[in-house]
2 protein chains.
Amino acid sequence: MKVSKSERTRRTIVEAARKLFGEKGFDRTTVREIASAAEIDPALVIRYFGSKDQLFAQAAEFRLDLPDVTNVDRSRIGEALVQHYLAVWEGEAGTGGLPILLRSATSSETAAEQMREIFLRQVLPAVRAIKGGRGASRRAALVASQLLGVALCRYILKFPPMVAMPREMLVVEVGRTIQRYATGEDATEG
Amino acid sequence: MKVSKSERTRRTIVEAARKLFGEKGFDRTTVREIASAAEIDPALVIRYFGSKDQLFAQAAEFRLDLPDVTNVDRSRIGEALVQHYLAVWEGEAGTGGLPILLRSATSSETAAEQMREIFLRQVLPAVRAIKGGRGASRRAALVASQLLGVALCRYILKFPPMVAMPREMLVVEVGRTIQRYATGEDATEG
DNA sequence: ATATGAAGTCAACGCCTGTTGAAGTCAACG
DNA sequence: CGTTGACTTCAACAGGCGTTGACTTCATAT
């Protein structure tokens, strides 16, 4: 079963939208720009997705896919999480859901709400799986704060030392923090 | 020497601008809204500040005023920094420079550049003062990532557990992380 | 009282935005 | 060939934006 022509255009539009939303955020991306990048008419964007907001909602959808850490060396859980997280950010190269949301969530309540959803449905369960208990939601929030902070400084604000830092160093340094937040205990040395 | 009338209006405008920029970011705040909040004509805003961008630049200016930690118990430097940082955020209640910049820096390169300036001129020197050495800029970047991440989750994205967490708990938990990043060593217990 | 200059208002410009409905194109099918 | 139906374009609307220049208001100083 081949994909219909309309389905192909839909995807072209979403791809263009992802790229632009991820680079400039919701407000600074216009329907006309998206259409131009997809080499079609602006009206078609609306016809396919109803409105700019609905297109954004669709473009921003994604799964964080935190790795299963139940069979990872317990003292290396933090590193494993950071490793995966950075790979997600660098892999999707501006077309992924996280950059899109982070770029827009500081000024759009809708996007902020989507971030809270992701925290609730994807980060919190993962942290709970590592170590349950009454403090799980707090620990998850601390984990999220450190991970989002790293992405903010490295990929969005582009603080030079943060950009220059090799990935492995981040994995080790930030990994230790995540380890403590997620498990409640410090990582053992080297 | 009394303040002239024009000076008073100038300040009214900046105050209104600070409030709105801090709540909704640069793009979603209009000159007309600012004027309306200041109870004057939109044209006056431009007359006084030249353009919306110049008004923003002025409204976003601020000093982080990181405390002098040279005479603080060395094992409590992290806590002291977090304590001060949270006080800044909660004190300025949406009218301070940091919320304004953070709300806009994800989609405005100008605002992002201002954030890099603050990192360079205010955070980096403070971290260097605690412990110099070749890794100071990296450690400062890690400090910034954690602090900005906390503000993002607590004041902007409003992750419920992060909002609910008492300030003292944040000071202790995040303080430990900042302690390690800033000094290169862990905090001693209790 | 009248002139002066600052302080503030008004209406409008040109531009860009998301969105709409009618018209057009083109391949598939009777 | 002619007609359908999916796919796409075109031109335009209504509204909001930052910004401008001419006008009014008003306190002050001569």
Side-chain angles (χ1 to χ4, degrees), chain A residues 1-60 100 103-104 106-111 114, chain B residues 1-60 100 103-104 106-111 114:
Chain A
M1 175 171 156
K2 267 189 55 177
V3 285
S4 61
K5 183 130 194 271
S6 72
E7 196 52 40
R8 223 180 315 132
T9 329
R10 259 189 102 86
R11 289 182 196 175
T12 312
I13 296 173
V14 174
E15 268 171 44
R18 285 186 126 96
K19 180 164 187 302
L20 290 165
F21 282 143
E23 284 171 6
K24 330 199 296 174
F26 181 84
D27 290 324
R28 302 215 168 177
T29 302
T30 70
V31 171
R32 283 169 163 86
E33 277 177 312
I34 294 169
S36 165
E39 295 180 303
I40 44 115
D41 193 272
L44 209 54
V45 175
I46 302 296
R47 178 139 298 195
Y48 271 102
F49 294 91
S51 72
K52 186 187 174 187
D53 291 80
Q54 287 173 259
L55 170 57
F56 180 83
Q58 192 135 339
I100 298 175
R103 285 244 190 238
S104 304
T106 53
S107 55
S108 154
E109 183 51 34
T110 311
Q114 281 184 259
Chain B
M1 174 172 159
K2 264 191 56 180
V3 285
S4 62
K5 180 130 195 273
S6 72
E7 196 52 41
R8 222 181 315 131
T9 340
R10 259 190 103 84
R11 290 185 196 174
T12 312
I13 296 173
V14 174
E15 269 171 43
R18 284 187 128 95
K19 180 166 187 299
L20 289 166
F21 282 143
E23 285 170 6
K24 329 197 297 173
F26 181 84
D27 290 324
R28 304 218 167 175
T29 301
T30 71
V31 172
R32 285 168 162 88
E33 275 177 314
I34 294 169
S36 165
E39 294 181 302
I40 45 115
D41 193 273
L44 209 55
V45 175
I46 301 297
R47 177 143 299 194
Y48 272 101
F49 294 91
S51 71
K52 185 188 175 185
D53 291 78
Q54 288 173 258
L55 171 56
F56 180 83
Q58 192 134 338
I100 297 175
R103 285 242 190 239
S104 304
T106 53
S107 56
S108 154
E109 184 51 34
T110 311
Q114 282 184 257

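Proteins come first, then strands; the chains are lettered A, B, ... in the order of their sequence lines, and each starts at number 1. No experiment lies behind these values; they were computed from the predicted model shown. Side chains included, hydrogens not; waters and symmetry mates left out as well; all remaining heavy atoms used.
In this entry the distance linking CG of A:D41 with C1' of C:dT17 reads 15 Å, nearest Å. Taking atom CD1 of B:I46 as the reference point, atom P of D:dT19 lies 4 Å away to the nearest angstrom. Atom-to-atom, CG of B:L20 to P of D:dC17 comes out at 12 Å; the value is rounded to the nearest Å. Note: CZ (B:R10) to C1' (C:dA6) measures 15 Å, nearest angstrom. In this structure, B:I40 places its CD1 atom 17 Å from C1' of D:dT24, rounding to the nearest Å. Atom-to-atom, CZ of B:F26 to C1' of D:dC17 comes out at 11 Å; the value is rounded to the nearest Å. Here the P atom of nucleotide D:dT8 and the CD atom of A:E7 are 12 Å apart, to the nearest Å. Rounded to an integer number of Å, the gap from B:D27 CG to D:dC17 P is 12 Å.
The shortest side-chain heavy-atom distance between B:V14 and B:F49 falls under the 4.5 Å cut-off.
Rounded to the nearest 0.5 Å, atoms CZ (A:R28) and CD (B:E109) are 10.0 Å apart. B:R10 CZ to B:L44 CG: the interatomic distance, rounded to the nearest 0.5 Å, is 10.5 Å. The structure places OG1 of B:T12 at 10.0 Å from CD of B:E7, a figure rounded to the nearest 0.5 Å. With values rounded to the nearest 0.5 angstrom, A:K19 atom NZ is found 12.0 Å from A:I100 atom CD1.
Terminal axes of the helix from C:dA1-D:dT30 to C:dG30-D:dC1 (five pairs each, C1' rotation axis) are separated by 30°, to the nearest 10°.
Contacts of B:F49 with the nucleic acid, taken as non-hydrogen atoms under 4.0 Å apart, are absent.
Not one side-chain nitrogen or oxygen of B:K5 sits closer than 4.0 Å to the OP1 or OP2 atom of D:dC26. In this model, the phosphate group of C:dA6 is not approached by any side-chain N or O of B:S6 to a distance below 4.0 Å at OP1 or OP2. Contact annotation: B:Y48 does not reach the phosphate of C:dA7 (side-chain N/O to OP1 or OP2, under 4.0 Å). Regarding contacts with the backbone of D:dT8, a side-chain N or O of A:T9 is found under 4.0 angstrom from either OP1 or OP2.
Aromatic ring pairs are classed by plane angle as parallel below 30°, tilted from 30° to 60° and perpendicular above 60°; the pair B:F26 and B:F21 is parallel.
Ranked by how close their nearest DNA chain C nucleotide is to the 5' end, A:S51 and B:L44 are led by B:L44. Comparing B:E39 and A:P42, the nucleotide of DNA chain C nearest to each residue sits closer to the 5' end for B:E39.
Judged by distance alone, with hydrogens and angles left aside, A:R32 brings a side-chain donor or acceptor within reach of the base of C:dG18, the pair sitting under 3.5 Å.
Taking every side-chain heavy atom of B:A43 into account, C:dC10 is the closest of C:dC10, C:dT19, D:dT9.
In this structure a side-chain-to-backbone donor-acceptor pair under 3.5 Å is missing from A:R103 to B:S107.
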